[in-house]
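Encoded as structure tokens, the structure appears first; notes follow it.
Because the structure is a prediction, the values reported are computed rather than measured.
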Amino acid sequence: SMTALDRYEAIVEKLNVLDAGYVSITADTEGFIVREHQGIIGIFKSDGNLEYTVDVYVKALPASDRMLLSEGIFAKDKAELLDILEDYDG
């Protein structure tokens with residue numbers, strides 16, 4: 001099974017693919033919202049479009065994290081997004 005590092009690297013790889021122009025994530029992007037999507041973690045653009053999902057089961061997380069993810073966690077840019085995702089990848 002995938003380790004946390006494998007999952008993290010997969011996320012980084014996805015972000016790099018997106019960054020390469022598949023979907024433009026630029027410095028002036030409006031940011032991201034990380035929240036629960038069908039039981040796992042979904043990453044949405046600020047316009048509400050689902051960009052991709054992370055196979056981390058929300059119900060396995062602590063209650064405080066589940067609450068944050070039900071409300072949505074805002075990330076202003078890609079670096080902040082990765083910081084947030086790293087927290088859920090342990």
Atom pair CZ/CD1 of F74 and I33 - distance to nearest 0.5 Å: 6.5 Å
Hydrophobic cluster mates of I40, side-chain heavy atoms under 4.5 angstrom, ILVMFWY only, any path? Y57
Option from V58, I84, D65 for which side chain to side chain contact (heavy atoms under 4.5 Å, CB included) with I41 holds: V58
R35 and L69 have their tightest heavy-atom pair at CB-O, 3.0 Å
Could you grab the distance from atom CD of E36 to atom CE of M67, nearest 0.5 Å is fine? 13.5 Å
Return the minimal non-hydrogen interatomic distance between H37 and L50, and the atom names on each side. NE2-CD2, 3.4 Å
Would you say the side chain of I43 lies within less than 4.5 Å of the side chain of T53, judging by non-hydrogen atoms? no
If Ile, Leu, Val, Met, Phe, Trp and Tyr residues are connected whenever their side-chain heavy atoms lie under 4.5 Å apart, and connections chain through other members, are V54 and F44 in the same group? no
Check for me, please, whether L82 and L68 land in the same ILVMFWY cluster - side-chain distances under 4.5 Å, paths through other members count. yes
Might you point out which heavy atoms bring F32 and K45 nearest each other, and give the distance in Å? CE2-CD, 3.6 Å
Just verifying a value: how many Å separate E51 CD and S46 OG, rounded to the nearest 0.5 Å? 9.5 Å
Can you name the residues that form a side-chain contact (heavy atoms from CB on, under 4.5 Å) with D83, not counting sequence neighbours? E86
